[in-house]
Visitor: 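I'd like to ask you about the structure that follows.
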Amino acid sequence: MDGYDVKAAQERWRKVWDELDLFRADDRDDERGRRYALTMFSYPSGDLHMGHGEVMALHDLLARYWVQRGFNVLNPIAWDSFGLPAENAAIRRNEHPARFTFDNIETQAESLRRYAVSFDWSRRFHTSDPDYYRWTQWLFLRFFERGMAYRRESFVNWCPVDQTVLANEQVVGGRCERCGSVVTKRELTQWYFKITAYAQRLLDDMAQLEGRWPEPLLTIQRNWIGRSEGAYVDFAVEGTDESIRVFTTRPDTLFGATFLVVAPEGGLGDRLCTPEQRSALQAYLEQVKRATEIERLSTERPKTGVPLGASAVNPATGERIPIWAADYVLADYGTGAIMAVPGEDQRDWEFAAAYHLPIVRTVQPPEGFDNAAYAGAGTSINSANDEVDLNGLGVEAATARIIDWLEARGHGERTVNYRLRDWLLSRQRYWGCPIPIVHCPECGEVAVPDDQLPVLLPDLRGADLAPRGNSPLAAATGWARTPCPRCGGDAERDTDTMDTFVDSSWYFLRYCSPRYEDGPFDVEAVRRWMPVDQYIGGIEHATGHLLYSRFFTKVLYDIGMVDFVEPFTRMLNQGQVINRGARMSKSKGNGVDLGEQLERYGVDAVRLTMVFAGPPEDDVDWADMSPAGSLRFLQRAWRLANDVACPPGVDPVGGDIGLRRTTHHTVRDATELIEAYRFNVFVARVMELVNATRKAIDSGCGPADPAVREAAETVSVLLSLVAPYTAEEMWAALGHDPSVATAGWPSAEPALLVEQSVTCVVQVQGKVRARLEVPPGIDEVRLRELALAEPAVRRALADRGVRNVIVRAPRLVNVVV
RNA sequence: GCCAGAGUGGUGGAACGGUAGACACGCGGCACUUAGGAUGCCGUGCCUGCGGGCGUGGGGGUUCGAGUCCCCCCUCUGGCACCA
């Protein structure tokens, strides 16, 4: 009898579980508490990989724990099924993207069932289903009505390979996040969500996530939103009625502003430019556009720019200062214009040095400045005029004073700026949710009426989908041409589709009522289940999906559709599964196939390995793991159940007290450890219980003792969270009906948690010299006597006198000499 | 450069300010075996004169007592990066 047949068990229990239908969430109200466990839904680009193996093992542990605790648990799954991989595959194979998508969904669904994740399969859906994207469109229109979705022309990130625009969040290090090609800029009219309107609320509401979301995740979001406090300052343009508004975080350096710089592409440069400089600006603009994002991002690159010929007036000094255009100033941050203070700012200093512009010192030279050049170029100035004097003030006080003055004189105002940009949602691709807008020559942008939703995708496939720089939908002229819903005249549909992050910004709401037909979700069902109690997924979604979902939730709150402002109460970012110190990749040849691991060790051993590897948020290096060891442990646990010689139903009271104590301590610890997400330590405790039970059977109370049965049953229930097949095998071997998954969480008997004796450590000068077994209730005086009487303590003391004795009964005595 | 987080045996990792290294992997030994990559048992931080000494990246500090708290430094990982 070596162990059980893992594969046969997987076959057997899957059928039993399907029949029992164990994990269906109950929409009816009852006395049970409710829990909503969410894992990031899957993108169907192939079969499940090792990353899925980890996240699903962790997610399911908690979901199954809640089931065992008796909660009514919602644990749904769906597919994020629009997107580029399906479209690219369709082009390659000359077929419809739906084909690739649905094949992969079926493959993944089958794998997830085999992996024994406790999903409520009745709620399954996918985002490319018209029954789903109809409501994505409906939600878009609600945003549109409120001015939260709008169209504008601007320079956008363009991926030359995928032939589509990218959101800022999808540009990583100047490259397309998906295909890795170097991103360029294009001027296009595109749809945006006005997420910037929610910047402050996205920051403020983090207060309720503090301590519940991982700190690194909150930090990333905070930095991404990038709040900075400062002021707008208006500079009059000489010889015109115009003025240029700049944003600065250091208005206290205004006296040192010796020139202005505007972004070349914002239109501002064009307006200010004198006729003589126009051709120079044009040439510069061309040069800037050619530069790739990577070149532009390089801080090593020397500063470039052109003078616009115009001048402005520094409101503090009254001095005439030149206006330049340079690409180190960004069009879409602040006002697209800055006041340059080369005596204070490294970048301005570099620019001034390159073009021999005046430099004056206000407070102190920025760090790392070329002092010789600085001293020669600059003159120290007096930061004061007839009305305001900043001399001798610290940054804070000077800032406050100058802003007060600017506001009083109408030269500017206090303000806050955010790094966050609006969310560009248009994509020039086919396999996405169509934007439900009609462009009418008479009426402009007209919403498709709600009762005409969904705007269905036309049936395109193969070559028709090939990227041409505009949307494939534009080629479907029969589809695009449509009467204007308002005036009935000839009009055109919007031919872009939405970023798939739109689809995923509300899917967790759809789960609450997945077949609802009168809206995106049943408000009552959402009230019942939301917000999500536990969300698990990768931290790579920090500035994308997680931020967008928070934004969507807030807009829905403002519309009055939900009564909470944060969708995910608790968040866990699991680490990645790597191999031999690096992310798995084809080029490195270090890929590990989940299916192969499952084939070799079985589902339970792989799940156990993932959970036991370490803290859930740490990366798992598969090369350091031992799924074979996990399998050995599971077989060991299983043998326990088979060795039990005490019949079911026998009262454990009267069983071996030592083993019973271990069992009940394990139960108490297990509960605390799971609540604290210390899953790896939880597994270690279960291992200890298995070891103790083995010992009891072989060289202790023997297999017929009721305590052995109690221990084995406890192991079975605890293991059901991680190794559902093994747990079920054990449960059956112990003479119970399935399923152990709903057997109920054990509770620790307080009487069995009381220690009989504890080990007291006796230290001399903080070093351990002896250990004593003492009763837990021992009094301090007695313990002190025992400790001082220990031979090892006396030896360590030698003839030195005792100065002090710290007694922390019953665990510790420290003798100080 | 700025902002986070982390440095513990050969390895993954444990440790309410109170026994450093739980639990595993690996390794060594023993038992059972025709055999074992099965199973069970024992051992396993380093040094040692077997009394003990040294050990949580380095250096200081607080404390009766520091892996844990504070300060400085080093290294690594992640995020942002010409954001004014």
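Below, chain A is the first sequence line, B the second, and so on; all start at residue 1. Atoms considered below: every heavy atom in the structure, side chains included; atoms not considered: hydrogens, waters and symmetry mates.
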Visitor: Give A:R811 one of three labels, base, sugar-phosphate or nothing, depending on what nucleic acid heavy atoms sit under 4.0 Å from its own.
Guide: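 Contact class for A:R811: none.
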Visitor: Under 4.0 Å between a side-chain N or O of A:R632 and OP1 or OP2 of B:G26?
Guide: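 Checking A:R632 against B:G26: at least one side-chain N or O falls below 4.0 Å of OP1 or OP2.
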Visitor: Sticking with atom C1', work out how far B:G40 lies from B:G45, rounded to a whole angstrom.
Guide: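 These two C1' atoms come out 27 Å apart once rounded.
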Visitor: Does the structure show a Watson-Crick or G-U wobble partner for B:G10, both distances under 3.5 Å? Name it, or say none.
Guide: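 WC or wobble partner is B:C25.
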Visitor: Is the shortest distance from a Lys or Arg side-chain nitrogen in A:R694 or A:D698 to a carboxylate oxygen in the other one below 4.0 Å?
Guide: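 A salt bridge is present here (some side-chain N lies under 4.0 Å from a carboxylate O).
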Visitor: Taking only side-chain nitrogens and oxygens of A:R794, does any of them come within less than 4.0 Å of OP1 or OP2 of B:G51?
Guide: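 No, no such contact exists.
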Visitor: What contact category does A:R769 fall into here, base, sugar-phosphate, or nothing, at under 4.0 angstrom with non-hydrogen atoms?
Guide: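 Since only primed, P, OP1 and OP2 atoms lie under 4.0 Å of A:R769, the category is sugar-phosphate.
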Visitor: B:A84 phosphate, OP1 or OP2: any side-chain N/O from A:Y333 under 4.0 angstrom?
Guide: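 Indeed, a polar side-chain atom of A:Y333 lies that close.
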Visitor: Which value, in whole Å, describes the distance between the P atoms of nucleotides B:C46 and B:G9?
Guide: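 Straight-line distance between the two P atoms is 12 Å.
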Visitor: Using only modelled atom types and a 3.5 angstrom limit, is any donor from either the side chain of A:R808 or the base of B:G18 paired with an acceptor on the other?
Guide: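 Present.
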Visitor: Checking contacts here: which listed nucleotide (B:C23, B:G79, B:A20) is nearest the side-chain heavy atoms of A:V768?
Guide: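 For A:V768, the side-chain atoms sit closest to B:A20.
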Visitor: What nucleic acid atoms does A:E215 come within less than 4.0 Å of, heavy atoms only: base, sugar-phosphate, or nothing?
Guide: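 The answer is nothing, as A:E215 stays clear of every strand by at least 4.0 Å.
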Visitor: When you look at CZ of A:R794, are more than 12 heavy atoms from neighbouring residues, nucleotides or ligands closer to it than 6.0 Å?
Guide: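 Not buried by this count: 12 neighbours or fewer within 6.0 Å.
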Visitor: Is there a side-chain contact between A:R694 and the phosphate of B:C41, meaning an N or O under 4.0 Å from OP1 or OP2?
Guide: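 So the side chain of A:R694 is outside the cut-off, no N or O lying under 4.0 Å from OP1 or OP2 of B:C41.
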Visitor: Kindly say whether, by distance alone, the side chain of A:N814 makes a donor-acceptor pair under 3.5 Å with the base of B:C64?
Guide: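 For A:N814, whose side chain was compared with the base of B:C64, there is a donor-acceptor pair (under 3.5 Å).
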Visitor: Inspect the contact between A:R808 and A:E780 and indicate whether a charged nitrogen and a carboxylate oxygen are less than 4.0 angstrom apart.
Guide: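 A:R808 and A:E780: not salt-bridged.
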Visitor: What contact category does A:F612 fall into here, base, sugar-phosphate, or nothing, at under 4.0 angstrom with non-hydrogen atoms?
Guide: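 Base, at least one base heavy atom under 4.0 Å.
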Visitor: Classify the nucleic acid contact of A:S699 as base, sugar-phosphate or nothing, counting any heavy atom under 4.0 Å across all strands shown.
Guide: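 Nothing, no heavy atom under 4.0 Å.
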Visitor: When you compare B:A6 with B:C69, how far apart are their P atoms, in angstrom units rounded to a whole number?
Guide: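 The same atom, P, in both gives a distance of 9 Å.
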Visitor: Between A:F351 and A:W324, how do the two ring planes meet: parallel, tilted or perpendicular, split at 30° and 60°?
Guide: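 Perpendicular.
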Visitor: Contact class for A:L812 vs. all strands (heavy atom < 4.0 Å): base, sugar-phosphate, or nothing?
Guide: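 Touches a base.
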Visitor: If the cut-off is 4.0 Å, is A:S228 near the phosphate of B:A84, judged by side-chain N/O to OP1 or OP2?
Guide: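 So the side chain of A:S228 is within the cut-off, an N or O lying under 4.0 Å from OP1 or OP2 of B:A84.
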Visitor: What is the nucleic acid contact for A:N680, judged by heavy atoms within less than 4.0 Å: base, sugar-phosphate only, or nothing?
Guide: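 Since only primed, P, OP1 and OP2 atoms lie under 4.0 Å of A:N680, the category is sugar-phosphate.
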Visitor: Taking the side chain of A:R795 as its heavy atoms from C-beta onward, which of B:A4, B:G51, B:C54 lies nearest to it?
Guide: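 Nearest listed nucleotide: B:G51.
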Visitor: Using a 90° cut-off around 0 for syn, call B:G59 syn or anti.
Guide: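 Here the answer is anti: the torsion falls beyond 90° from 0.
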Visitor: Under 4.0 Å between any heavy atoms, over every strand shown, what does A:N417 touch: base, sugar-phosphate, or nothing? Just pick one.
Guide: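 Nothing, no nucleic acid heavy atom in range.
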Visitor: Does B:G9 sit syn or anti, given that only angles within 90° of 0 count as syn?
Guide: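 What B:G9 shows is a syn base, its glycosidic angle lying within 90° of 0.
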Visitor: Checking all strands, does A:R803 fall into the base, sugar-phosphate, or nothing category for heavy-atom contacts under 4.0 angstrom?
Guide: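 Contact class for A:R803: none.
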Visitor: So does A:R222 have more than 12 non-hydrogen atoms from other groups sitting under 6.0 Å from CZ?
Guide: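 Correct, the count exceeds 12.
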Visitor: Rounded to the nearest Å, what distance is computed from the CG atom of residue A:L217 to the C1' atom of nucleotide B:G5?
Guide: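 The distance from CG of A:L217 to C1' of B:G5 comes to 13 Å, rounded to the nearest Å.
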Visitor: Heavy atoms only, 4.0 Å cut-off, all strands: where does A:R222 land among base, sugar-phosphate and nothing?
Guide: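 Here A:R222 touches no strand at all.
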Visitor: Can a donor-acceptor pair be found between the side chains of A:Y4 and A:T726 at a distance below 3.5 Å?
Guide: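 Yes.
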